[in-house]
There are 2 protein chains.
Amino acid sequence: MPADTLTSGIDSFKQAALSCPLPAAVELIGEKWAFLILRGALNGLRHFEEFQAGLGIARNILSDRLSKMVAGGILERKPDPEDGRRVIYSLTPKGEGLLPVVLALRQWGEEWGYGSMRVQLADRRDGRPVRKIGVQAHDGRDLTLNDLTWIEREDSAALRTAAE
Amino acid sequence: MPADTLTSGIDSFKQAALSCPLPAAVELIGEKWAFLILRGALNGLRHFEEFQAGLGIARNILSDRLSKMVAGGILERKPDPEDGRRVIYSLTPKGEGLLPVVLALRQWGEEWGYGSMRVQLADRRDGRPVRKIGVQAHDGRDLTLNDLTWIEREDSAALRTAAE
DNA sequence: CGGTATCCACATGGATACTG
DNA sequence: CAGTATCCATGTGGATACCG
């Protein structure tokens, strides 16, 4: 068994990267405007013109990104219930699932001095701010990179996909 | 007070977006290769050639991204302690702070069928898988978009920055 | 090994005009 | 309002060659 050779580093990475969902996910939303559109949608933007004016994005690019995000199942395009001639883009459940990603990045940015908002997300029930997003152990302890290791999966993903 | 006019939607967004750290953060890592380089670094890649071979990225682009990420304080460039002539890129604490973002996106991708890894991140202490990353209330309850609202900040960011 | 330099194809982005 | 079409400048990305 070779010690810490160069290739072992690559190989273990390639091993771990096998079938990693990140590249595909990044292909869909790992891009400046997709991210900002997502933020807008999470904050309640709905109409084409709202996104355009709110983000300062070029119309053709916005059009392109919206289409891709609709195709990717993140956004849904439908007639505005309050005015059938207008169109709204709303988040699908899949799109809402990206909230932790966006919030985690925002918190990181705030922590490292990229600006800080005067408003803050809070639990509607008690009005208290949400927790800082982080990696947690099973019991809720916060974990850092050094606390982590890779384990083999016990459940077979192939079985799950076949069952669905 | 106007009802649900178009402009009120934009305005409330622009209000919330004021000084939002997200655009700056996105400028730094909201991009395909930056994300994948980050993933590589989190997984232990260190040398230029490892990133190049592991990610399949063009050398000039890799060079460009690494420089930007070093300039942005995410990566640190230093001589390899095991071979002074070689160079390693390692995560700074700031870079490690992006782990939740990467992991949240990976979990999202896995949940929505973009692939699933055979290995899994786990707590080194007990070997149990980490929790699914999500937005949590103060007491740890999981929150969805509908449970959330915006509140004004009680602490002034201006004071904090002045104090530092 | 860790880059830089160069070339080239193509995508991106902004501006603006136009359409239903 | 919600786009599409067009033009143009610049950036990105891949391939390859070269260098200390």
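All chains are named by letter (A, B, ...) in the order of the sequence lines, taking the proteins before the strands, and each is independently numbered beginning at 1.
B:Ile37 places its CD1 atom 13 Å from the P atom of D:dT12, with the value rounded to the nearest Å. B:Arg65 has its CZ atom 20 Å from the P atom of C:dG2, to the nearest Å. Straight-line distance from the CD1 atom of B:Ile61 to the P atom of D:dA15: 11 Å, rounded to whole Å. When rounded to the nearest whole Å, the span between NZ of B:Lys68 and C1' of C:dG3 equals 17 Å. We find that CZ of A:Phe35 is positioned 19 Å from C1' of C:dT12, with the value rounded to whole Å. Between the CD atom of A:Gln52 and the P atom of C:dA15 there is a distance of 9 Å, given to the nearest Å. Per the geometry, CG belonging to A:Leu66 stands 14 Å off C1' belonging to D:dC1, to the nearest Å. To the nearest angstrom, C1' of D:dG3 lies 16 Å from CD1 of A:Ile88.
Between A:Tyr89 and D:dC1 there is no side-chain polar atom (N or O) within less than 4.0 angstrom of OP1 or OP2. Distances shown here put a side-chain N or O of A:Ser63 below 4.0 Å from the OP1 or OP2 atom of D:dT4. Phosphate contact (OP1/OP2 of C:dC18, side-chain N/O of A:Arg59, threshold under 4.0 Å): absent. Residue B:Trp33 has a polar side-chain atom (N or O) positioned under 4.0 Å from OP1 or OP2 of D:dG13. The side chain of B:Arg77 contributes no N or O atom lying less than 4.0 Å from OP1 or OP2 of C:dG2.
Of the candidate nucleotides C:dG2, D:dA2, C:dG14, C:dG2 has the atom lying nearest to any side-chain atom of B:Glu49. Among the nucleotides C:dT4, C:dG2, C:dT12, the one closest to the side chain of B:His47 is C:dG2. Taking only side-chain atoms of B:Glu31, from C-beta outward, the nucleotide of D:dG13, C:dT12, C:dG2 with the closest atom is D:dG13.
Judged by atom type and distance alone, A:Asn60 reaches the base of C:dG14 through a side-chain donor-acceptor pair under 3.5 Å.
In this structure, A:Asp139 pairs ionically with A:Arg141, as a charged nitrogen and a carboxylate oxygen lie closer than 4.0 Å. No salt bridge links A:Arg125 with A:Asp123; every basic N to acidic carboxylate O contact stays at or beyond 4.0 Å. A salt bridge does not link A:Asp126 with A:Arg128: every distance from a Lys NZ or Arg NE/NH1/NH2 to an Asp or Glu carboxylate oxygen is 4.0 Å or more. A salt bridge is absent between A:Glu110 and A:Lys132; no separation between the charged side-chain nitrogens and carboxylate oxygens falls under 4.0 Å.
Using a 4.5 Å cut-off between side-chain heavy atoms of Ile, Leu, Val, Met, Phe, Trp and Tyr, with links allowed through other members, A:Ile61 and A:Leu55 fall into the same hydrophobic cluster.
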